[in-house]
Structure formats: structure tokens, C-alpha cells
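In this text, all values refer to a predicted model and were calculated from it rather than measured experimentally. Side-chain atoms are counted along with the backbone in the values below, which use heavy atoms only and exclude waters and symmetry mates. Each chain gets a letter, A, B and so on, in the order the sequences are listed, and its residues count up from 1.
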Amino acid sequence: RGFPKYATLSISIKRYPRAASAIFQTYNDLLLAQQWSEIEIVDLPTCGRCGFRGRRPENPNTRTCVVPCSLAETISMTWLKSAFGEFEQPEEVFLAINAEDSSIVYYKLSTGITKPPV
Amino acid sequence: MTTTRIPIYVSNERAFVWDVDHVATLRSEHHVCGVLSGTLPHLSQQNVFLGLPLVLMPEELVLLVEKQLATIVHDPAAHHNPTPPQLETWDASRRRGIAHQLARQEREAGRHKGEEKGAQDAVAIQKRALREARRLKLAEAEEAKRPMNTTTGPVEDHDVLASASTPVLTSLPQPLPHSNAPSERASSSPAPVTNAVYTISVPTTSDEFTWYDPALHTYETLDAARKANVWHYPVTEEDRARCEVFRDLWEKGYYMGGGSKFGGDWLVYPGDPLRYHSHLVATVQTSPSAPLRPMEIVAHGRLGTATKKVHLLCGWDSASQEVTYISVEWAGFG
């Protein structure tokens, strides 16, 4: 209501009520705290939620993918693979792990075995 | 070919390699490292440098046997009960070894004494002779065990005994009739040396024992070993998933070490651990639907990043017989 772009989120929140808290919290964090731009909402039905794609201030030339989840949830390898599938196989997907105290932490996931830094 | 397969000695479901050449082959040809776990006799108060035996992880044994690179030997069973003649032969050769050591000690001490004498003048020699005579009388009177003094101890005892031909207490157990006394002198008494110090070596491998025969206790397949109740791993689905992931990483050319120091199942090295740092810590997900908690991703990911490694989630899918890898790193923001 008072939150910007709440209307656009409301569709996903109604569709995936169990993930609503993680969706809402992550969106606001990306928009306001991480200051991403051009955030689009991506439907991830096999993951039972929506995710986001946007531009990081540090990396404005790529569109970075994020899938939110809650610390209290249980996921699986299949679930993670689905996220990559729904985003159409990006190189990386960020998992946004939300806690009930509203802290959020992001982990970078990549398919395959990453090469050591040169 | 059975003859080229490396024997892995299994005892109580633990896998050991006792031959240093096999250890080298495992590492250089099959990129299986294992862990050296034996203390070094000459440096027993430290555990930075360890020696044989090499201990293998269960997954390493499974891989080597399934790839037909190794066989399982049930070590306890391969040690049969020695027959009395075998025991006697072994005992005799041991005593011969001890006798050689003592004889050599004797010779070296004699050489010492010779050098000492050369440096002394006539008066000193005379004084020494008088002292020797006095001691002889004392020894005859007491018929007691004499304390050894530094390097010339055994030699002096010999001199006393040769002249006195008095039986003296011995540090050797009751010798067998045909065995050698350390001093093969003209003296008629057995006269072994008192407080002589000799080394007994315990061989690393049992191959030289005539009662050791692994032939009937060697297994070429995991099934055979399981039926014989010698080796059971892998038992559970988790065990099997671990073996499959290990095999997949091995087939990709990686070297694996234990991962417990980094909160994972294995450390994964792109080459020999002596030359490379590991970049990856791997954990196994038993199946595609096996529960994974986000907290685990936080813990693994953060620990990995803090130690300059990447955490590798390895998912085994028994339906497709494939391993899926997902690397996890802390994002660095948020």
C-alpha cells in the first residue's frame, strides 16, 4: 500500500502465499538496500515462488538473477536445479535467504565445478 | 590381471596399505592419496611426519576394487598358526640376528679399547692390569651381576667371565641348546653378556613369515568380500551416493582428501595435494530430493569463502546415474 511497487508484487504474493514473506522481504532489500535497478519479477512455478532479475550497481551490464527462500524452509538439489531452469540457465543464481528477524543473506550458486581463481 | 593389482589389507573393516611402493603407485598412477598413519620409530614423539601404514577412506577402497586396481586381503585370516618347526626356524634366525649384533658391539668396543690403550703409557697400563686383577677376585667372590659402564661395559664383562668362567645372570631368556652364546670363547660356560643391548626389529609386512599366506584370503570384488564378511561398505543409500560422487570426481581427475577440517565430506584438489591447494570442499546430497536446509548453505558457503574455498554440493541421482554439481560462494553483498 505505502510500499512502492507493492501492486506489482501482490500478484506473486497471492499466487505463492507460503513464500510471501521471503518474496516481499527480498524485493524490498534489492530495491532499497542493495539499490538494484530495473528489477523484473520472474515467475518460478517449479520453485513455488517468483524470483527477480535486475542490475547490480557493481555490475550494471548484466542482469543478475535472485531466488528468495526462507531460513525455515527445506529445499533440495532438484529445487535448486529448477531455479536455474526457470531463469533459463544463467551462469549464476543468487539465493536470498531470509530470516524472520528480517536479516537477509545472499549466496552465489553456479552449476558445475567452478575453476580456481587464476 | 590379478598380479598387478595392489593388495589392500583389511582388518576390522579398515583399509591399510603396508608397502611403500604401493603407496607411491596409488598416488602417482591412480591419484589416490590416503593418509599415512604410522609413527616413525626414530621420531616417535611427533606426529607431523608419519609413515606406514597408509589408511584409505572407504570410498577409496571401493573405487580401487571396482576399477580392478586393487584386491582386498583379509589380513588377520592370512596369518595362520605357525607350526612348531616354523616357530623354531623363526626363533633361531632371531637369535642369530641378536648374536650378530652383540658380536659386532663387542668388536667395536674392542677397537675402542685398543685405541685407548695406544694412548696410554706403560705405567698406566700396569695400573690398569692391577685394577683388573682386583676386580677379578671380587667377581669370583661375589658371583654377582655386574653393572655395565658406558661403552666398554660388555667387553669388561667378557674379560672377567673368560677368566673366571663363572656363570653370570643373563638378560637373554633361557637359550635353546643349539643357539649361540654372544661370546663364542674358549670358556666352557654359556656365559652370555650381562645387560647387553640389542635391537629387535618388527617387520612392516608379514610376507617373510612362513605361516603368512594371503592367497586364500584375497578378494577381487566387493561382493566376494561382503559374502566373506570381510568388507561391507557401502551399506546405505548415503554410502552408495558417497561412492558414486567420489568416483565421478576421481574420473574427472581430481584428488580427494578428508574434508572434516573444512566442514565437508572431502577436500577436492585439482592436482597432487603436495603441489596444489584445494579449491573445493565437497558435500554429498544422497538424492535429488534429499532435504537441504538453507542454513547448511549459509554454513558451508560462509566457511568456504572464509577459507578461500568454494563449497561444492554434489547431488547423486540414482535414476539417471548422474552427479549434479552446484558451487556455493558467499555473494559478498547483503
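At a 4.5 Å heavy-atom cutoff, the contact between B/Lys252 and chain A is made by side-chain atoms alone. Contact of B/Leu280 with chain A is made through the side chain alone, with heavy-atom distances under 4.5 Å. Neither the backbone nor the side chain of B/Tyr276 comes within contact range of chain A; no heavy atoms are under 4.5 Å apart. For A/Ser70, the part sitting under 4.5 Å from any heavy atom of chain B is the backbone (N, CA, C, O) and nothing else. Contact annotation for B/Gln285: only side-chain heavy atoms (C-beta onward) come within less than 4.5 Å of a heavy atom of chain A.
The CD atom of A/Gln34 sits 6.0 Å away from atom CZ of B/Phe333, with the distance rounded to the nearest 0.5 Å. Taken to the nearest 0.5 Å, the CE atom of A/Met77 stands 11.5 Å off from the OG atom of B/Ser289. Atom OG in A/Ser76 sits 13.0 Å away from atom CZ in B/Arg293 (nearest 0.5 Å). Between B/Ile326 atom CD1 and A/Leu109 atom CG the span is 6.5 Å, to the nearest 0.5 Å.
Of residues 78-100 of chain A, those residues with a non-hydrogen atom less than 4.5 Å from any non-hydrogen atom of chain B are, in numerical order, A/Thr78, A/Leu80, A/Lys81, A/Phe94, A/Leu95, A/Ile97. Contacts from residues 40-58 of chain B to chain A, taken as heavy-atom pairs separated by less than 4.5 Å, involve no residues at all.
In the displayed structure, B/Arg14 atom CZ is contacted under 6.0 Å by at most 12 heavy atoms of other residues, nucleotides or ligands. The local environment of NE2 in B/His277 is sparse, with at most 12 non-hydrogen atoms from other residues, nucleotides or ligands closer than 6.0 Å. Within a 6.0 Å sphere centred on CD of B/Glu237, other residues, nucleotides and ligands contribute 12 heavy atoms or fewer.
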Please report the C-alpha distance between A/Lys108 and B/Val328 in whole Å, then the side-chain angles of each, then the deciding distance to 0.1 Å, and finally whether the side chain to side chain contact (heavy atoms under 4.5 Å, CB included) criterion is met. CA-CA 6 Å; A/Lys108 182 170 82 170; B/Val328 179; over 6 Å; no
Could you walk me through whether A/Ile75 and B/Ile297 pass the side chain to side chain contact (heavy atoms under 4.5 Å, CB included) check? CA-CA 10 Å; A/Ile75 55 179; B/Ile297 294 183; 3.9 Å; yes
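When each of B/Ser327, B/Gly332, B/Pro288, B/Pro294 is checked for heavy-atom pairs under 4.5 Å with chain A, B/Ser327 comes out on top. Interface summary for chain A: among B/Gly315, B/Ala331, B/Ala290, the most heavy-atom pairs under 4.5 angstrom belong to B/Ala331.
Only one option out of B/Leu249, B/Val268, B/Val310 pairs with A/Ile113 in a side chain to side chain contact (heavy atoms under 4.5 Å, CB included); it is B/Leu249.
B/His300 has its side chain out of reach of A/Tyr107: every pair of non-hydrogen atoms, C-beta onward, lies at least 4.5 Å apart. A 4.5 Å side-chain heavy-atom check between A/Thr114 and B/His279 finds at least one atom pair inside the cut-off.
When all heavy atoms of A/Thr74 and B/Pro291 are compared, the pair lying nearest together is CG2-CB, 3.4 Å.
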